[in-house]
Undergrad: 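There's a structure below that I have some questions on.
Order of the sequence lines sets the chain letters (A, B, ...), proteins ahead of strands, with each chain counted from 1.
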There are 2 protein chains.
Amino acid sequence: MRWEELDQQPCSLSRTLAVVGDRWTLLVLRDCFLGVRRFDEFEKRLGVTRHVLADRLKKLVEYGVLAKVPYQQRPLREEYRLTERGLELHSVMLALVSWGDRHMADERGAPIRHIHKGCGQVMRPVTVCSECGEPVAARDVQIEVGDGWQDATGELIPPRLARQAGNQDR
Amino acid sequence: MRWEELDQQPCSLSRTLAVVGDRWTLLVLRDCFLGVRRFDEFEKRLGVTRHVLADRLKKLVEYGVLAKVPYQQRPLREEYRLTERGLELHSVMLALVSWGDRHMADERGAPIRHIHKGCGQVMRPVTVCSECGEPVAARDVQIEVGDGWQDATGELIPPRLARQAGNQDR
DNA sequence: TCTAATCAGTTCCAAAAAAGAACCGATAAG
DNA sequence: CTTATCGGTTCTTTTTTGGAACTGATTAGA
């Protein structure tokens, strides 16, 4: 498989990674969530080359994650804003940040705190089941092939399904 | 900023991306969560080059996300297994898959279903606040600089903080 | 015994992507 | 008239991938 075919894979993770799965995109989006909107501000903050930045922003606009919004005429200047689709990546960001806080932080602790406006407290994100509301960890989930699955290569059936009841640890 | 300096940034997202933020790593991890453990099986399923695969697996072992476990002697063969630290990336995977299900799926719907063992239902992941248990979306969160923050360049203060009460949409 | 197969890589070369710097075009400011 | 701002594009060099072949320890089969 080549990287460009990623968005045609029968796997939602692959398809999401086709949008955000390269070196700089998630950092661009982090800054979007921090309120950055303009080309030169992204550049200053990220230190990415202008070339790559322009490319990533274009891709994010194509996928509907960001939208270009004019903020002045003459000369026309546009800024990049998260769309609803982009805002929905927030839980991805929270999950990534939370893992980093737990496993990659130094002595000083988390660099950024998230305050939940609803309750006013400093929060961590917790992933729960949509059906019963209980927290969900890796071992609490079983995987099943759904309707969108198609076995293109004949070999993609996940080993854990093939193995059936073989649920030792992974 | 260069990619290699990413894990020294005062940002948990950067540091997480230093581990999982390149082109193939999250796909390798997806397969780990599906039960794949051996080099040649990763290769067959991902279609990544052996060169890159070897590199990514080595990095994941160095960061403690995977562990090499011998499964036979003579010749010595080792397989890759998720550590606890690796298993904790599950909520990242769920968040990415869920976004893909919502925004990148075709007519056939989600390729894979997640069954919550606790309640037996097909589930979606929901991100809630650790303090009050309410669901959290992007607009429900305010960001605050924490102890781990250090302003190396003098310019990294997030615009949303600088702007203070300027909470129009992002 | 000879040959092929398995598995987990490594090595080599060509192609693609990223880094770094300079340039461009419209406009405004001094 | 010159410089600055903003949002890019173009150019060259370096790094990373893609693709294929090779390695080394061992087992299986003819």
Side-chain angles (χ1 to χ4, degrees), chain A residues 1-7 9 14 17-28 31-32 35-62 66-81 153 155 159, chain B residues 1-7 9 14 17-28 31-32 35-62 66-81 153 155 159:
Chain A
M1 178 175 47
R2 304 268 297 290
W3 185 254
E4 312 90 60
E5 312 160 16
L6 212 60
D7 57 352
Q9 287 283 108
S14 303
L17 292 181
V19 183
V20 301
D22 60 56
R23 258 149 110 118
W24 291 103
T25 301
L26 283 167
L27 287 169
V28 171
D31 276 8
C32 291
V36 175
R37 296 173 182 172
R38 298 192 187 167
F39 192 91
D40 66 326
E41 200 176 359
F42 286 112
E43 194 212 344
K44 279 195 217 99
R45 290 174 48 86
L46 294 174
V48 65
T49 58
R50 306 169 75 74
H51 184 77
V52 171
L53 177 58
D55 180 74
R56 294 301 182 274
L57 289 170
K58 204 176 79 175
K59 217 169 266 176
L60 286 170
V61 170
E62 280 167 11
L66 298 180
K68 280 178 101 157
V69 180
Y71 67 90
Q72 69 168 44
Q73 312 291 335
R74 325 158 61 116
L76 174 64
R77 292 282 151 75
E78 296 169 303
E79 59 184 18
Y80 296 89
R81 294 208 187 193
T153 69
E155 261 323 320
Chain B
M1 177 175 44
R2 302 271 296 290
W3 185 255
E4 312 90 60
E5 313 161 15
L6 211 61
D7 57 352
Q9 288 282 109
S14 302
L17 292 182
V19 183
V20 302
D22 59 54
R23 256 150 111 118
W24 290 103
T25 300
L26 282 167
L27 287 169
V28 171
D31 276 8
C32 292
V36 175
R37 297 171 180 172
R38 299 191 187 167
F39 192 90
D40 66 325
E41 201 176 359
F42 285 112
E43 194 213 344
K44 278 194 217 101
R45 289 174 47 86
L46 295 175
V48 64
T49 58
R50 307 171 74 76
H51 185 75
V52 171
L53 177 58
D55 181 73
R56 295 301 182 274
L57 289 170
K58 204 176 80 175
K59 217 168 266 178
L60 287 170
V61 170
E62 281 167 12
L66 298 181
K68 281 177 99 158
V69 180
Y71 66 90
Q72 70 169 39
Q73 312 290 335
R74 323 157 61 106
L76 175 64
R77 293 282 152 73
E78 296 170 302
E79 59 183 19
Y80 295 88
R81 295 208 187 192
T153 70
E155 261 324 319

Undergrad: Compare side-chain N and O positions of A:Trp3 against OP1 and OP2 of C:dA15 and report whether any pair is under 4.0 Å apart.
TA: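 No, because none of the side-chain N or O atoms of A:Trp3 sits under 4.0 Å from OP1 or OP2 of C:dA15.
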
Undergrad: Is any side-chain N or O of A:Lys68 closer than 4.0 Å to OP1 or OP2 of D:dG8?
TA: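 So the side-chain polar atoms of A:Lys68 do come within 4.0 Å of the phosphate oxygens OP1 or OP2 of D:dG8, strictly under.
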
Undergrad: Could you tell me whether the side chain of A:Gln72 and the main chain of A:Pro75 form a donor-acceptor pair under 3.5 Å?
TA: yes

Undergrad: Answer yes or no: side-chain N or O of A:Arg77 and base N or O of D:dG7 forming a donor-acceptor pair under 3.5 Å.
TA: no

Undergrad: Relative to the 5' end of DNA chain C, which residue comes earlier, A:Pro75 or A:Arg23, by the nucleotide with the nearest heavy atom?
TA: A:Arg23

Undergrad: Counting just side-chain N and O atoms, does A:Arg56 come under 4.0 Å of either OP1 or OP2 of C:dA18?
TA: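 A:Arg56 to C:dA18 OP1/OP2: side-chain N or O found under 4.0 Å.
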
Undergrad: May I ask you to establish whether A:Arg37 and A:Tyr71 are in a cation-pi arrangement, using a distance under 6.0 Å from NZ or CZ to the six-membered ring centre and at most 45° from the ring axis?
TA: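 Verdict for A:Tyr71: no cation-pi partner in A:Arg37.
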
Undergrad: Between A:Gln73 and B:Leu57, which has a closest nucleotide on DNA chain C that is more 5'?
TA: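 In this pair, the answer is B:Leu57.
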
Undergrad: Counting side-chain heavy atoms from C-beta on, which of C:dC12, C:dG9, D:dG7 comes nearest to A:Tyr71?
TA: D:dG7

Undergrad: With sugar-phosphate meaning primed atoms plus P, OP1 and OP2, does B:Arg74 contact a base, only sugar-phosphate, or nothing at under 4.0 Å between heavy atoms?
TA: sugar-phosphate

Undergrad: Measure from the side chain of B:Trp24, starting at C-beta and using heavy atoms only, and say which of C:dG9, D:dG7, D:dT17 lies closest.
TA: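 Comparing C:dG9, D:dG7, D:dT17 against the side chain of B:Trp24, the answer is D:dT17.
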
Undergrad: Check the phosphate of C:dC7 against B:Tyr80, side-chain N and O only, distance under 4.0 Å to OP1 or OP2. Yes or no?
TA: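 Looking at the OP1 and OP2 atoms of C:dC7, neither is under 4.0 Å from any side-chain N or O of B:Tyr80.
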
Undergrad: Do B:Arg38 and C:dA8 have a side chain to base donor-acceptor pair shorter than 3.5 Å?
TA: no

Undergrad: Can you say whether a donor on the side chain of A:Arg50 sits under 3.5 Å from an acceptor on the base of D:dG7, or the other way round?
TA: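 Result: at least one qualifying N/O pair found.
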
Undergrad: Determine the contact category for B:Glu78: base if any of its heavy atoms lies under 4.0 Å from a base atom, sugar-phosphate if only primed atoms, P, OP1 or OP2 are that close, otherwise nothing.
TA: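 Answer is sugar-phosphate: B:Glu78 comes under 4.0 Å of backbone atoms only.
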
